[in-house]
There are 2 protein chains.
Amino acid sequence: MKEQAIDYYAHQAKMYVATDCIVFGFDEGDLKLLIFKRRVDPNKGAWSLIGSFVELEEDVDDAARRVLEEITGLDKVFFEQSKTYGKAERDYGYRCISVAQYALVRVDEYDKELVEKHGAFWYTVKDLPKLVLDHDDMVKDALDKLRRKARYQPIGFELLPEKFTIPQLQSLYEAIYQRELDPRNFRKKVLSLNVLKKLNEKDKTTSKRGAYLYTFDYKNYQKLLLSGFNFEI
Amino acid sequence: MKEQAIDYYAHQAKMYVATDCIVFGFDEGDLKLLIFKRRVDPNKGAWSLIGSFVELEEDVDDAARRVLEEITGLDKVFFEQSKTYGKAERDYGYRCISVAQYALVRVDEYDKELVEKHGAFWYTVKDLPKLVLDHDDMVKDALDKLRRKARYQPIGFELLPEKFTIPQLQSLYEAIYQRELDPRNFRKKVLSLNVLKKLNEKDKTTSKRGAYLYTFDYKNYQKLLLSGFNFEI
DNA sequence: TATAATAAATGTATGTTTTACGTTTATTGT
DNA sequence: ACAATAAACGTAAAACATACATTTATTATA
């Protein structure tokens, strides 16, 4: 019986399996993406997402975490699968499929030296250079997913520091959706969800009056989920 | 330079790549799933999704279409990637990742003989048997995707015959969401989208009065998309 | 020390969508 | 002719979204 099983697998094709990370960050009012200049052939010198081959004994998801940590020093990052790119001809000359995963990173936390050392840069999503292979598609698809997801799941908070103001949160959503939101309505909506904890601290970097800082209230969010209501901005 | 490229790939691991299809159908008021009893080892005799290894020169998406056609005789089926399952230990003894894709099939169109010949059956989603490997997760995840997607994209129509009544459409949505909908509000909502063409024909199988048949109006749907409005039930 | 400037915070009126439920209509089998 | 039944239509109240005006806290500077 074991013989038969081995037989069944034996004459099947094997392929390279890679994972590529679409790493989003939010800085200075803009949605950013972490990309780097390839240092090995093929396509040496071209702009690329960060990625890696998946090792034989490694979960695909872990491979993505490994690469991201190598380059930013961050572990415990929000990760989600975007899509798998499996066209036979996508990687010239080699059969390689890639599982794209997007990550949301707090720009105040990553290791700047490490990022620089690896030749990586934060680029504004609006004016990215051309990327290698099908990486442009990967970015486009991941952005779509991010936008869709951000509407009904509180993932935006993964991109902000622990403490943030409501105008900052608004600015993030404006960057994600690429359109202006009404500050009065935005505040009303977001506060009505009851998932923000108001702190007794103000951020005064953008105004004399200062804006109150908030944190995301994970406990209340769990309650919200259980009660059947859903987060929607 | 080519040398260097070859080198780069040469010492990377290769894996088996499979695709599994979560095939949804709608029949007798229930959401159904096409599963079959495995005829080869490993796991001979266990219930499984239909699937296949991806061939060396074949797009991953095409592999899914190939399997589905082999088993149902159907081509031109709605397909969408669900998720890739890439745990190192998911397939005992062999490193094999699987790209799960869900398909929506019109139950009145598939080739019954062919399905039977392959040992496949339509099971109500509500009481599926235990499936091999991580196929239970695949079904659960695909159902989530289907539910989410059906809310803002008119994919439900892929599961109904060309001509359908509004009560039938409602019954489909009730099966997808596993909850009852108000027939008056459902009708109002779905008609307000302007994507249904009313025919001069009735279906009299469920009532003496008969219900008008409709078709999906792809042209108006395109207009709806362009105008920025969106389909939401 | 009074005042100007500025972003933050609060408020309100109107229009739109959703929800919950009652009534009428077309058809057929008795 | 009439009872039975699903289909189709209608309406009132509540919830939510949108558009826009005003007040407030703070600091720099006149």
Side-chain angles (χ1 to χ4, degrees), chain A residues 28-29 147 150-152 154 160-161 163-215 224 227-233, chain B residues 28-29 147 150-152 154 160-161 163-215 224 227-233:
Chain A
E28 295 170 353
R147 286 186 176 131
R151 280 198 70 81
Y152 59 85
L160 290 173
K163 301 174 182 181
F164 52 86
T165 68
I166 292 185
Q168 277 165 19
L169 184 62
Q170 178 180 340
S171 156
L172 167 61
Y173 274 89
E174 291 182 330
I176 292 177
Y177 295 119
Q178 290 294 305
R179 70 187 174 89
E180 302 214 330
L181 302 170
D182 182 287
R184 294 155 290 191
N185 295 338
F186 181 83
R187 175 181 298 268
K188 217 184 311 173
K189 184 75 221 252
V190 82
L191 286 176
S192 77
L193 298 169
N194 270 307
V195 292
L196 296 189
K197 247 194 297 224
K198 187 175 182 173
L199 303 177
N200 228 330
E201 272 177 86
K202 284 186 165 187
D203 173 303
K204 296 205 171 173
T205 54
T206 50
S207 82
K208 292 161 185 175
R209 182 181 177 174
Y212 278 103
L213 287 163
Y214 289 79
T215 53
L224 185 77
S227 79
F229 278 98
N230 63 335
F231 178 94
E232 199 169 320
I233 286 186
Chain B
E28 294 169 354
R147 286 189 176 127
R151 280 197 69 81
Y152 59 87
L160 291 172
K163 300 174 182 181
F164 53 87
T165 69
I166 291 184
Q168 278 165 17
L169 184 62
Q170 179 180 338
S171 156
L172 167 62
Y173 275 89
E174 291 182 330
I176 292 178
Y177 294 118
Q178 289 294 305
R179 69 185 176 90
E180 302 213 329
L181 301 171
D182 182 287
R184 294 154 290 189
N185 294 338
F186 181 83
R187 176 183 297 273
K188 219 184 310 173
K189 183 78 222 248
V190 82
L191 286 176
S192 77
L193 298 169
N194 271 307
V195 291
L196 296 188
K197 245 194 297 224
K198 188 176 183 173
L199 303 177
N200 229 330
E201 271 177 89
K202 282 185 167 186
D203 172 302
K204 297 208 170 170
T205 55
T206 50
S207 82
K208 293 161 184 173
R209 181 181 179 175
Y212 279 103
L213 288 163
Y214 290 78
T215 53
L224 184 76
S227 79
F229 278 97
N230 63 332
F231 178 96
E232 197 169 321
I233 283 186

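Below, read A as the first sequence line, B as the second, and so on, with proteins coming before strands; counting in each chain starts at 1. Every value quoted in this text rests on a predicted model; they were computed, and no experiment measured them.
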Return whichever of Thr206(A) or Leu191(A) has its heavy-atom-nearest nucleotide of DNA chain C closer to the 5' end. Thr206(A)
Got a donor-acceptor pair under 3.5 Å from the side chain of Arg209(A) to the base of dT6(C)? no
Do the non-hydrogen side-chain atoms of Leu196(B) and Phe164(B) ever get within less than 4.5 Å of each other? yes
Are OP1 or OP2 of dA8(C) and a side-chain N or O of Thr165(A) less than 4.0 angstrom apart? no
Measure from the side-chain heavy atoms of Lys189(A) and tell me the nearest of dT26(D), dA17(D), dC21(C). dA17(D)
Provide, to the nearest angstrom, the distance between the CG atom belonging to Leu193(B) and the C1' atom belonging to dT16(C). 15 Å
Options dA9(C), dA26(C), dA20(C), nucleotide nearest the side-chain atoms of Ala211(A): dA9(C)
Nearest to the Lys188(B) side chain among dA20(C), dA8(D), dA8(C), which nucleotide is it? dA20(C)
Which nucleotide, dT27(C), dA7(C), dC9(D), lies nearest any side-chain atom of Arg184(B)? dC9(D)
When rounded to the nearest 0.5 angstrom, what distance separates CG in Asp203(A) from CD1 in Ile166(A)? 12.5 Å
Test item: Tyr214(B) and Leu191(B) side chains (from C-beta on) under 4.5 Å apart, heavy atoms: yes
Which part of the nucleic acid, if any, lies within reach of Pro183(B) when heavy atoms closer than 4.0 Å are counted: base, sugar-phosphate only, or nothing? nothing
Tell me whether the side-chain N/O atoms of Ser207(A) come closer than 4.0 Å to OP1 or OP2 in dT26(D). no
Give one of base, sugar-phosphate or nothing for Lys198(B), where a contact means two heavy atoms less than 4.0 Å apart. nothing
d(Leu181(B) CG, Ile233(B) CD1) to nearest 0.5 Å is 9.0 Å
For the pair made of CG in Asp182(A) and P in dA8(C), what is the distance, rounded to whole Å? 14 Å
Lys188(A) side, atom NZ; Asp182(A) side, atom CG - distance, nearest 0.5 Å: 8.0 Å
Selected nucleotide, minimal atom distance to Lys202(A) side chain, candidates dA25(D), dC21(C), dA8(C): dA25(D)
Among dA7(D), dA4(D), dT26(D), the nucleotide that comes nearest once only the side chain of Lys208(B) is considered: dA4(D)
